[in-house]
Structure formats: C-alpha cells, structure tokens
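The analysis underlying the following values was restricted to heavy atoms, covering all of them including side chains, and did not include hydrogens, waters or symmetry mates. Letters A, B, ... are given to chains in the order of the sequence lines, protein chains preceding strands, and every chain is numbered from 1. What you see is a predicted model, and the numbers here were worked out from it, not measured in a lab.
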Number of protein chains: 2
Amino acid sequence: MNKAKKKIFADFIADRGLKTTRQRDIILDAFLASDRHLSIEDLYLKLRTSHPNIGYATVYRTLKLFAESGIAREIQFGDGQTRYEHVEQGEHHDHLVCTGCGAIIEFENEAIEKLQDKVAASHDFLIQYHKLELYGLCPKCRK
Amino acid sequence: MNKAKKKIFADFIADRGLKTTRQRDIILDAFLASDRHLSIEDLYLKLRTSHPNIGYATVYRTLKLFAESGIAREIQFGDGQTRYEHVEQGEHHDHLVCTGCGAIIEFENEAIEKLQDKVAASHDFLIQYHKLELYGLCPKCRK
DNA sequence: ATAATTGCAAATTCTTTGCACGACA
DNA sequence: TGTCGTGCAAAGAATTTGCAATTAT
C-alpha cells in the first residue's frame, strides 16, 4: 500500500505542476516507514541522522503537501505539537490517548459514527469530518 | 448559577491562600457574562474597552485559574486559538463546529457516551475525559 | 531557460515568564 | 508587613515566510 501512496503523491505532484525532488522522496520514505502518529519534530529528528542537511522548513512544507495530496492527515492532541497520521482510503478511526505515557491507540466504531450522523442530521448540519478522542490511562499506566 | 460559580471560585482562591483582586473580579464577570466559547483574545478585547490597563498576561493567568477551579474548561478546535468554555456541574456536551462561519453548537448524546465507555473497556483503558467534535457546515452555511 | 524548491535565518503567532511596583490579607 | 498579583516587556515554542542559491522539467 505504500506503493499506492507513492503513486497518489506522485500524481498529485504532477497534477499541480510541482516537482519531484530528492528531499520529497526522502521525507516520503521516512514518513511511510514510520509510526502512524508522528510529530513533525519526530520526523525531522529521524531524518536528521541520515540526511543532516534537510531543513525544518522543508519538512513542514512537505508534510503539508502530504496532507493536501490525501496520503496524510494533520492531527492535534492538544499538547501543542502537530502530528501527521497515515490515511488509508475509506478507513476512518478515532483515538485513545494515554495521558500517562502518550501512547496512542486507534479504534473504529461503526455504531458511534452512525449516532454522530444522527446528531448532525437533527441539527441540519452537514458533517465534513470529525474528531473523537478518549483521553485517559492505558492498561500499562493504570498499573 | 453565576452566583454558584463565583462561590466556587472564591472558595478555590481561599483554599489556595490566593488573593481576591479587582482584576480577577472583573475578568470573572466578563467571562460569566459572555459567550460559552470564548477565545482568550475575545475576552481580552472585550475587557480592554472598559478596562484598558488589564494586561494580556493577567487574562491568561486568570483563565488558567478558572480552569483549575473547575468553573471553566480549556478547549481547542485546531485553529491555534485556545478557548475557554463554561463548565456546568454534572453536565457534559460535545460540539458541532461550523467550518464556514465558526459557529459552535453544543450537543449531548448519552448513547454515544455509553459506546465510548464500551470501547474504552474493551481496550482496558480508563477514560479521564474525551473530546468529540463534528466539523462541517451549519444550516446557514449549507445555504 | 524557467519556474519551483531548498536551507537558512528572520518573522509571526500564541503563550509563558522575570521582575519591579502596587495591592490584598 | 509580608506575600501575592499585576503590567510590561522580554523570552519561549511552534510554525511560517523571504530570499538568494540550487535543482528539476
């Protein structure tokens, strides 16, 4: 599926008349090879070891492109760090966020989504996207 | 109920050995008299007209105290602005956020909360709080 | 060739902090 | 009187932007 994402991004780049660059390739590989919920700093530090001269700004700009192309999504857990997660087509999930260790667990729940639709409908509201996060303690941190 | 909140805050101040000040009174009044979802800047600007010499820092510090005392809660809608909302005891609600005009509509849904508890339980996760936001277009912005 | 991209540093934006002065208990 | 709070400006933290040099089409 990484191949598919690479294609999506390549097409996006082409459609927009943008350019394929060494940096974008490197950042894309690092992103695809990584954790599903990555802060910009995480990715930057990870890259830095093998590619010491990639700039912070380039990472920021490239991740924004990933989000625009649809292969990534920006998420915020309220700790002041923007994170990016991988987007799988047709899939949606929400998060359990551990306030102890910062672990992030994904879940999906069809029933909750249905109820959200109902709530929206009852307010005559057209949902574009949603965010559901349950904050608390993961099994380990509960001790 | 504003009276109740004032008492809660006064008690909090007393318990901590802090002091009642003119600024805290003014900011509390402005907060209680305002919209349920207020950014710090909104509140600061609102205050500025009647009390031009209240500092930004004081507003920040005071809102943090409100949150600690339990009469307010910090919320973030991902636009880089921290907002504070009023807390009613025993009440919990979630938000519909209009991406067109920024309107915020509150809702409560018992069934969704129950399902959240179930999800958490199935992951052996102890929920402390949660955040559910549905982003999209409000009736007006749908046209 | 031409236009986009990069890396750096400087600029922004939001929030926090240090400190001397003033106010509350 | 002693401690806490305030206002200001400076410091931080995260992110964005301007620009000259570089690179992809």
Enumerate the protein-to-nucleotides 10-12 of chain C contacts in which both atoms are nitrogen or oxygen and the separation is below 3.5 Å.
none

Between protein and nucleic acid, restricted to nucleotides 1-4 of chain C and to nitrogen or oxygen atoms under 3.5 Å apart, what atom pairs and distances do you find?
from, atom 1, to, atom 2, distance (Å)
C/dA3, N3, A/Lys19, NZ, 2.7
C/dA4, O4', A/Lys19, NZ, 3.1

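The shortest side-chain heavy-atom distance between B/Phe107 and B/His95 does not fall under the 4.5 Å cut-off. Inter-residue side-chain proximity for A/Tyr84 and A/Lys64 is flagged as met; some heavy-atom pair is nearer than 4.5 Å. Using a 4.5 Å heavy-atom threshold, the side chains of B/Val119 and B/Leu115 count as separate.
Computed from coordinates, the B/Ile26 CD1 to D/dG5 C1' distance equals 13 Å when rounded to whole Å. With rounding to whole Å, B/Phe77 atom CZ is found 17 Å from C/dC14 atom P. Distance, A/Ile54 CD1 to D/dT22 C1': 15 Å, rounded to whole Å. Taking atom CG of A/Asp79 as the reference point, atom C1' of D/dA14 lies 11 Å away to the nearest angstrom. Here the P atom of nucleotide C/dC14 and the CD atom of B/Glu74 are 15 Å apart, to the nearest Å. Nucleotide C/dA23 holds its C1' atom 13 Å from the CG atom of B/Asp25, rounded to whole Å. The distance from atom CZ of B/Arg16 to atom P of C/dA25 is 17 Å, rounded to the nearest whole Å. Rounding to whole angstrom units, CD1 of residue B/Ile75 and P of C/dC14 are separated by 17 Å.
Put simply, CG on B/Leu18 and CZ on B/Phe9 are 8.0 Å apart, with the number rounded to the nearest 0.5 Å.
Between D/dA24 and A/Thr20, no contact under 4.0 Å exists linking OP1 or OP2 to a side-chain N or O. Taking only side-chain nitrogens and oxygens, B/Thr21 never comes nearer than 4.0 Å to OP1 or OP2 of D/dC4. Remark: B/Gln23 is in phosphate contact with D/dG7, judged by side-chain N or O atoms under 4.0 Å from OP1 or OP2.
Residues B/Gln81 and B/Ser39 bring a donor and an acceptor atom of their side chains to less than 3.5 Å of each other. A side-chain N or O of A/Gln128 and one of B/Thr99 form a donor-acceptor pair less than 3.5 Å apart. Residues A/His93 and A/Asn109 bring no donor and acceptor atom of their side chains to less than 3.5 Å of each other.
Screening residues 27-42 of chain B for salt bridge (charged side-chain N to carboxylate O under 4.0 Å, His left out), with sequence neighbours left out, gives B/Lys6-B/Asp29, B/Arg36-B/Glu88, B/Arg36-B/Glu106.
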Subject >> Contact pattern, 5' to 3', of nucleotides 15-20 of chain D - B, S or - by protein heavy atom under 4.0 Å >> reply: BBBB--

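Between B/His130 and B/His92, the gap from one ring centroid to the other is short of 6.0 Å.
Each end of the helix from C/dA1-D/dT25 to C/dA25-D/dT1 gets its own axis from five base pairs, and the two axes differ in direction by 30°, given to 10 degrees.
The local environment of CD in A/Gln89 is sparse, with at most 12 non-hydrogen atoms from other residues, nucleotides or ligands closer than 6.0 Å.
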Subject >> B/Arg142 and A/Asp124: CA distance, side-chain angles, deciding distance, salt bridge (Lys or Arg N to Asp or Glu O under 4.0 Å) verdict >> reply: CA-CA 9 Å; B/Arg142 297 176 77 157; A/Asp124 196 19; 3.1 Å; yes

**OP:** Evaluate the criterion side chain to side chain contact (heavy atoms under 4.5 Å, CB included) for residue pair B/Glu85 and B/Glu74; output intermediate values, then yes/no.
**Re:** CA-CA 7 Å; B/Glu85 68 175 3; B/Glu74 245 178 50; over 6 Å; no

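Legend: residues meeting salt bridge (Lys or Arg N to Asp or Glu O under 4.0 Å) with B/Arg24, ordered by chain and number and at least two apart, are absent.
Shortest non-hydrogen contact noted between B/Phe125 and A/Leu134 is CE2-O, 3.8 Å.
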